Amino acid sequence: MVKLVNSDSLGGGDQRYATVSHRWCDKNVPMLKTTKASKNWHYSTGIGKESMPGVLLDAIKVTRTLGLRYLWMDTLCLIQGDDDDKEEEFPKMGAYYANAYFTISASSSADTRESFLQPRDECYEPASFQFGEDEDSFVHVRCWGAEGHLVERGWIWQESALSTRVLNFAPSELIWECKSQFYPNADMRYGTVRP
């Protein structure tokens with residue numbers, strides 16, 4: 001069971017939290033979201049595990065595993081279909097991602113219903129080329145560009161660009177991005193990441 005909490009009640013705003021970047025369901029597919037009708041229920045009673053979509057279940061697991069207590073997800077934390085809430089909250093969207101401890105990017109999920117904590121595709125094999133004169137310096141080149149379902153989503157650029165740290169669950173690899181580093185697990189597997 002999870003409950004929505006008003007961030008004003010957390011005291012001081014120094015609470016660490018994660019955000020989720022995910023692809024919504026098509027408009028004709030039912031999806032868990034906070035509406036005017038469900039808002040009070042989500043705050044007081046909470047949301048049972050049985051009604052949570054795969055992305056939310058996985059995001060909660062990642063958030064708790066990494067030691068955080070709070071998670072911000074647009075489908076739940078913004079009141080869908082409420083123009084007043086939209087007018088108040090949309091200008092804050094950038095700050096939600098920029099101030100998050102990290103963003104969970106559910107790139108391998110086709111939509112919010114699908115789990116992103118699943119085995120990675122093993123089809124990714126980087127091409128390696130020696131770089132420079134140092135015999136230990138290699139560059140790994142991907143054979144294709146960005147992958148996953150989020151590259152098709154318009155908001156993803158903002159969410160990714162504003163996030164300080166991104167843990168990207170891509171179809172073929174887990175990628176850690178921060179403002180100064182980019183660590184795909186394929187590079188870690190091949191032993192090329194150095195502090």
Side-chain angles (χ1 to χ4, degrees), residues 1-118 148-150 153-169 177-178:
M1 178 78 62
V2 296
K3 288 184 181 181
L4 296 184
V5 296
N6 187 323
S7 58
D8 294 337
S9 69
L10 297 178
D14 59 348
Q15 296 289 333
R16 289 183 174 175
Y17 65 94
T19 53
V20 182
S21 183
H22 65 107
R23 187 171 180 192
W24 287 35
C25 296
D26 290 332
K27 290 184 186 235
N28 59 345
V29 176
M31 178 177 73
L32 176 67
K33 56 189 170 187
T34 300
T35 63
K36 285 180 180 182
S38 66
K39 176 184 168 187
N40 290 337
W41 181 267
H42 288 178
Y43 275 99
S44 62
T45 305
I47 303 164
K49 187 175 180 177
E50 66 283 348
S51 64
M52 293 181 199
V55 167
L56 178 57
L57 287 168
D58 289 353
I60 290 169
K61 186 174 187 175
V62 169
T63 300
R64 288 180 176 164
T65 299
L66 295 177
L68 299 184
R69 185 173 176 192
Y70 300 104
L71 178 67
W72 189 92
M73 187 170 175
D74 55 3
T75 51
L76 297 176
C77 296
L78 301 175
I79 303 169
Q80 306 304 314
D82 183 332
D83 290 336
D84 292 336
D85 189 66
K86 183 177 181 178
E87 188 176 310
E88 182 180 337
E89 293 297 320
F90 266 38
K92 300 176 188 176
M93 292 275 297
Y96 292 140
Y97 285 93
N99 295 324
Y101 195 63
F102 60 87
T103 294
I104 299 164
S105 180
S107 297
S108 61
S109 298
D111 64 39
T112 195
R113 297 172 297 173
E114 190 176 297
S115 171
F116 61 81
L117 293 179
Q118 52 191 312
H149 298 283
L150 294 183
R153 186 170 175 248
W155 284 98
I156 189 58
W157 183 87
Q158 175 183 326
E159 294 168 359
S160 181
L162 292 171
S163 297
T164 306
R165 301 168 196 89
V166 178
L167 189 54
N168 185 352
F169 290 84
E177 301 173 56
C178 64

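As the structure is a computational prediction, the values presented were derived from the model and not from experiment.
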Can you confirm whether [X] sits close enough to [Y] that some side-chain heavy atom of one is under 4.5 Å from a side-chain heavy atom of the other?
| X | Y | answer |
| --- | --- | --- |
| Lys39 | Leu4 | no |
| Ile47 | Leu76 | yes |
| Arg64 | Leu71 | no |

Lys49, NZ atom: more than 12 neighbouring heavy atoms under 6.0 Å: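 Not more than 12 within 6.0 Å, no.
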How long is the span from the [atom1] atom in [X] to the [atom2] atom in [Y], to the nearest 0.5 Å?
| X | Y | atom1 | atom2 | value |
| --- | --- | --- | --- | --- |
| Ser107 | Leu167 | OG | CG | 10.0 Å |
| Met73 | Thr63 | CE | OG1 | 10.5 Å |
| Met31 | Leu56 | CE | CG | 11.5 Å |
| Ser115 | Leu57 | OG | CG | 8.0 Å |
| Phe169 | His22 | CZ | NE2 | 14.5 Å |
| Tyr17 | Asn99 | OH | CG | 4.5 Å |

Short side-chain donor-acceptor distance under 3.5 Å, Thr103 and Thr19: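 Thr103 and Thr19 do have a side-chain donor-acceptor pair below 3.5 Å.
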For [X] against [Y], the heavy-atom pair lying closest together:
| X | Y | answer |
| --- | --- | --- |
| Met1 | Thr45 | SD-O, 3.3 Å |
| Leu32 | Thr75 | O-CB, 3.9 Å |
| Thr112 | Pro53 | O-CB, 3.1 Å |
| Thr164 | Ala98 | OG1-O, 3.1 Å |
| Asp58 | Phe116 | OD2-N, 2.6 Å |
| Gly94 | Leu162 | CA-CD1, 3.3 Å |

Any sub-3.5 Å donor-acceptor pair from [X]'s side-chain atoms to [Y]'s backbone N or O?
| X | Y | result |
| --- | --- | --- |
| Gln80 | Asp74 | yes |
| Arg165 | Tyr101 | yes |
| Asp111 | Arg113 | yes |

Pairs involving residues 29-38, ordered by first then second residue, that meet side-chain hydrogen bond (donor to acceptor under 3.5 Å, both in side chains) (sequence neighbours left out):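 Those involving residues 29-38 are Thr34-His42, Thr35-Ser38.
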From CA spacing to verdict: side chain to side chain contact (heavy atoms under 4.5 Å, CB included), Leu78, Phe90: CA-CA 9 Å; Leu78 301 175; Phe90 266 38; 4.2 Å; yes
Plane angle bin for Trp72 and Tyr97 - parallel if under 30°, tilted between 30 and 60°, otherwise perpendicular: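 Tyr97 vs Trp72 ring planes: perpendicular.
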